[in-house]
Amino acid sequence: MKRIKIKELLSSKDFGASVKAEGWVRTKRGNKSINFIALNDGSTINNIQVVVDVANFDENILKDITTGSCVSVIGKLTESQGQGQSVEIQAEKIKLYGTADAETYPLQKKGHTLEFLREIAHLRPRTNTFGAVLRIRHAMAFAIHKYFNDRGFFYLHTPIITGSDCEGAGAMFRVSTLDPKNPPLNEDGAIDYSLDFFGKETSLTVSGQLEGELGAMALGEVYTFGPTFRAENSNTPRHLAEFWMIEPEVAFNDIHDNMDLAEDFLQSLVKYALENCKDDLEFLQKMYDAELIERLKFVVENKFVRLPYTEAIDILMKSEQKFEFPVSWGVDLQSEHERFLVEKHFKKPVILTDYPKDIKAFYMKQNEDGKTVRAMDVLFPRIGEIIGGSQREENYEKLIARIREMHIPEKDIWWYLETRKYGTAPHSGFGLGFERLILFVTGMLNIRDVIPFPRTPKSADF
RNA sequence: UCCUCCUUAGCUCAGUUGGUUAGAGCACAUGACUGUUAAUCAUGGGGUCCCAGGUUCAAGUCCUGGAGGGGGAGCCA
C-alpha cells in the first residue's frame, strides 16, 4: 500500500477510504480505551490525528509510541468527531519503525529555546519551527531559480576553489593537500605551494562575481547561486563562515537597471513566500513575530527609497538623532546610521548609491565627479544590508589605474582584465545573501536558525 | 577581535547580608479517567550548582583564571 503525504490527507474529502500515513509522533495523549497520536511527516507544519482504539492493539506497541518515535499507520480516513481538526485516521494497523526513548529523547512537546536547539542541530529539523524555516528556505531557493529562468537568465556554476585572493571580500580559508606537520619549504623558509595540489596557493571562494562577469560577457544575463566562505572572526546574528549567495550579473545594465532588478527581485521573492508558504508563515507569526506578514506585505507593496550616499550623509547630519559614531562625508556608514535611515527616517527599504570610492571595491564604476563610484547597497529593516552591488568599471585604463592604486596583484586577475580588453561592455550586478533573505522572510532573529547546519567561529559540529 | 550579560535537574528558571538536607514549573515513570487538543488529576524518581584554583569555621553565592553561550560593535552578504 502506498503512503499518502499528510499534507494531502489533510485536504482530502475521501472519507471512508483506507489510507496509509507514515511519520514521526509529536504527541500521544488519551486514556485507557482511546489514544490520540499527532503525526507529522514534514510535508506540512500541520499534524494528522490518528485515533487508536486501545482494545484493538498490543499494549506493548502502544507503550513504545512516544514523542519522537516513527510509525506507519493504516486506517480509515474519517471526519473528526472532536474539535480542532476536520480530518483524522481511525487506526487499523500500526507498524513501529523506530522508538525514541522518552527518558533521553531531547525534544519535548513543550517549547525549547532556539539556543538549546542549536546544540541538537541533528534533531531540530523535527521541530515545528525548523520544519517551517526549512520549507520556506526551499521555497525561496526554488523561487530564485524560477525568477531568473522566467526572465532568460542562465545559471552559471562558478568555482568554489579559487586561486585568486583578490576577490576583495575578506579573509579566506586555505585549500591544501600538503602535510600540515611537514610542508615542503622553499629556499627562504616559506611553504612551497608549487608542490601543492593545484601548483599554487588556493582558497575557498568568497564571491563568484569575477567569474560571473566573465559569463555575462558571453551569455548576457547570468546568475550564480552557491556556497560562499569567509574566514572572518565574526560573531553576530547576521554572519556565517559558510553561507549561500545569489549573484546576478547583467551585460548592458547600468546602475539604475541594477536597482530596478534588485527591487523587483526581492519583491517577487517575498510575494512568492506570501503566496506559497502561508501555513508556515502564520505559524512563525504566531510564535515569534506578530508583525511578520504585515511587514512582508509592506515590502511587496511599497517602492524602495533610492538615495545617493551624499544625500544620506546630509539627512544624518541634520537629524536630531544622537549617534555613537559621528557622521561626515567620506566615512562608511555604521549600523546605527543605516538603521536610522531605514527604520526611523524613511520606514521602508532604502537603496543607497554612489558611495565614496575609497570605501568600496576596485571593480566599481567610477563616477565623473572623481570622488564616488556607482555602488548600491539595499538596506532592509531588522537585518541591514541584504544586497551589495554596483555597476562595474568597464574601461580598461580606469580599472587598471584603480587596481594599481589599491595594490591589487594584477598577475592573479589578468583574465578578468581581458574582459575589458576584448569587447568590453557596460554591465552591473549584485550579491544577495540567501540566509539574510530567509531571516527577513521568516522573522527569525539569528542567522544560525535559518540554515540547517550553521558554520561559525568555533562551531562546525553536525 | 572588542564591550557587556549569562552558565543551578532532561528543558526553562528561582535560590535573600556566605550558614542545616539546593527548590519550582514542564518533561519522565506509575496510577485514575470512554473523544483528547502543548489533555487533566494524584503520587514518585531525578543534581559534577560550567571547569580549575583561591579566600573563609563555612562557597551555588565572594575573588582570580579558563571554556561555552546570548546581545551590542567591527568585518560584510
Side-chain angles (χ1 to χ4, degrees), chain A residues 26-38 46-55 63 66-68 78 80-85 88 90 100-120 127-128 167-171 206-209 226-247 262 287 323-325 332-339 359-361 377-380 383-389 430-440 445-451 456-459 461:
Chain A
R26 285 292 163 76
T27 69
K28 187 181 71 170
R29 47 181 178 262
N31 53 45
K32 207 184 278 180
S33 60
I34 189 165
N35 279 187
F36 302 92
I37 299 168
N46 299 307
N47 305 323
I48 196 158
Q49 173 155 283
V50 177
V51 184
V52 181
D53 187 348
V54 173
K63 212 176 156 187
T66 56
T67 299
T78 59
S80 179
Q81 300 168 31
Q83 309 282 306
Q85 63 281 314
E88 63 192 20
Q90 298 286 338
D101 179 12
E103 290 274 3
T104 59
Y105 185 63
L107 289 174
Q108 304 170 359
K109 343 180 172 183
K110 292 254 176 180
H112 291 290
T113 60
L114 294 168
E115 289 84 359
F116 173 68
L117 293 175
R118 275 173 222 148
E119 295 169 9
I120 50 166
T127 62
N128 288 332
E167 288 172 348
V206 295
S207 165
Q209 181 200 315
T228 308
F229 307 88
R230 307 260 168 104
E232 303 287 348
N233 191 9
S234 297
N235 293 288
T236 85
R238 296 179 306 282
H239 289 85
L240 291 164
E242 176 183 298
F243 64 100
W244 290 68
M245 188 155 64
I246 300 98
E247 295 175 291
M287 300 302 289
F323 295 114
E324 192 186 339
F325 296 91
D332 209 351
L333 295 182
Q334 307 286 319
S335 293
E336 56 172 344
H337 307 138
E338 296 179 350
R339 271 205 309 276
I359 58 173
K360 287 292 179 183
D377 285 359
V378 182
L379 309 178
F380 257 38
I383 55 174
E385 186 177 345
I386 192 169
I387 275 178
F430 59 79
L432 167 70
F434 186 54
E435 284 75 17
R436 290 196 179 167
L437 172 73
I438 306 303
L439 270 183
F440 182 75
L445 292 170
N446 192 311
I447 202 162
R448 293 158 199 191
D449 298 329
V450 297
I451 186 168
T456 54
K458 298 272 192 298
S459 171
D461 292 332

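Everything numeric here is computed off the predicted structure, so don't read it as measured data. Numbered from 1 within each chain, the chains take letters A, B, ... in sequence-line order.
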### Summary
Taking a pair to mean Watson-Crick or G-U wobble geometry with both distances below 3.5 Å, B:A67 pairs with B:U7

### Task
Would you state whether a donor and an acceptor, one from the side chain of A:Glu232 and one from the base of B:U1, lie under 3.5 Å apart?
no

### Query
In terms of the nearest nucleotide of RNA chain B, which residue is placed more toward the 5' end: A:Gln334 or A:Asn233?
A:Asn233

### Task
Measure from NE2 on A:His112 to P on B:C28 and round the result to the nearest Å.
10 Å

### Task
Tell which nucleotide pairs with B:A29, taking only Watson-Crick or G-U wobble pairs whose two distances are both under 3.5 angstrom.
B:U43

### Query
So, is A:Lys109 near the phosphate of B:C26, with a side-chain N or O under 4.0 Å from OP1 or OP2?
no

### Message
Taking donor-acceptor contacts at under 3.5 Å, does the side chain of A:Arg230 reach the base of B:A77?
### Response
yes

#### Entry: Distance between P atoms of B:A14 and B:A9 (Å, rounded)
12 Å

### Query
Could you state the CD-P distance from A:Glu247 to B:C76, rounded to the nearest angstrom?
15 Å

### Task
Check every atom of B:U36, B:A73, B:U30 against the side chain of A:Ser80 and return the nucleotide holding the closest atom.
B:U36

### Message
Check this one for me: any side-chain N or O of A:Thr27 less than 4.0 Å away from OP1 or OP2 of B:A38?
### Response
no

### Message
Taking only the P atom of each, what is the distance from B:C6 to B:G10 in whole angstrom?
### Response
23 Å

### Task
For nucleotides B:C50 and B:G60, find the distance between their P atoms and express it as a whole number of Å.
10 Å

### Task
Return the 5'-most residue of the pair A:Asn235, A:Arg339 with respect to RNA chain B, ranking by each residue's nearest nucleotide.
A:Asn235

#### Entry: No-H, no-angle donor-acceptor pair, A:Glu324 side chain to B:G72 base, under 3.5 Å
no

### Message
Both distances below 3.5 Å, Watson-Crick or wobble geometry, any strand: find the nucleotide opposite B:U17.
### Response
none

### Message
Nearest whole Å is fine: how far is B:A73 P from A:Glu385 CD?
### Response
14 Å

### Message
If stacking means aromatic ring centre less than 5.5 angstrom from the base's six-membered ring centre, planes under 30°, is A:Phe36 stacked on B:G35?
### Response
no

### Complementary nucleotide of B:U61, counting Watson-Crick and G-U pairs under 3.5 Å
none

### Task
Starting at atom CD1 of A:Ile447, determine the distance to atom P of B:G70, rounded to an integer number of angstrom.
13 Å

### Residue matched to B:U56 through Watson-Crick or wobble contacts both under 3.5 angstrom
none

#### Entry: Who pairs with B:A73 - Watson-Crick or G-U, where each distance is under 3.5 Å
B:U1

### Query
Heavy-atom distance under 4.5 Å between the side chains of A:Glu88 and A:Ile48, does that happen here?
no

### Task
Write down the distance between CZ (A:Phe116) and P (B:U12), rounded to a whole number of angstrom.
6 Å

### Query
Reckon A:Lys63 has a side-chain N or O less than 4.0 Å from the OP1 or OP2 of B:U30?
yes

### Message
Could you go through A:Asp377 and A:Lys360, starting from their C-alpha distance and side-chain angles, then the distance that decides it, and tell me whether this counts as salt bridge (charged side-chain N to carboxylate O under 4.0 Å, His left out)?
### Response
CA-CA 11 Å; A:Asp377 285 359; A:Lys360 287 292 179 183; 3.1 Å; yes

### Task
Please check the phosphate of B:G70 (OP1 and OP2 only) for any side-chain N or O of A:Arg448 closer than 4.0 Å.
yes

### Message
In whole Å, I'd like the distance from the CZ atom of A:Phe229 to the C1' atom of B:A77.
### Response
14 Å

### Query
If every non-hydrogen atom of A:Ile120 is compared with every non-hydrogen atom of A:Leu107, which pair is closest and at what distance?
CD1-CD2, 3.9 Å

### Task
For A:Phe243 and B:C76, give me the distance from atom CZ to atom P, rounded to whole Å.
12 Å

### Short side-chain N/O contact from A:Asn446 to OP1 or OP2 of B:G71, under 4.0 Å
yes

## Note on the structure
d(A:Ser459 OG, A:Arg448 CZ) to nearest 0.5 Å is 7.0 Å

### Message
Tell me whether the side-chain N or O atoms of A:Glu115 pair up with the base of B:U12 as donor and acceptor below 3.5 Å, since no angle test is needed here.
### Response
no

### Query
Taking atom C1' in both B:C57 and B:A73, what distance in whole Å separates the two?
47 Å

### Query
Rounding to the closest angstrom, what is the interatomic distance between B:C28 and B:U17 at atom C1'?
38 Å

### Query
Using the C1' atom in both, what is the distance from B:G46 to B:U34, to the nearest Å?
33 Å

### Query
Are A:Arg230 and A:Thr228 close enough, and set up right, to give a side-chain hydrogen bond (donor to acceptor under 3.5 Å, both in side chains), and what steps lead you there?
CA-CA 7 Å; A:Arg230 307 260 168 104; A:Thr228 308; 5.9 Å; no

### Task
Give a yes/no on whether any side-chain N or O of A:Ser335 is located under 4.0 angstrom from OP1 or OP2 of B:G74.
yes

### Task
Answer yes or no: side-chain N or O of A:Glu103 and base N or O of B:G10 forming a donor-acceptor pair under 3.5 Å.
no

#### Entry: Distance between P atoms of B:G31 and B:A22 (Å, rounded)
31 Å

### Message
Could you tell me how far apart A:Arg29 (CZ) and B:C41 (P) are, to the nearest whole angstrom?
### Response
15 Å

### Task
Could you measure between the two P atoms, the one in B:A58 and the one in B:U21, and give it in whole Å?
15 Å

### Query
Nearest of B:G10, B:G35, B:G74 to any side-chain atom of A:Gln90?
B:G35

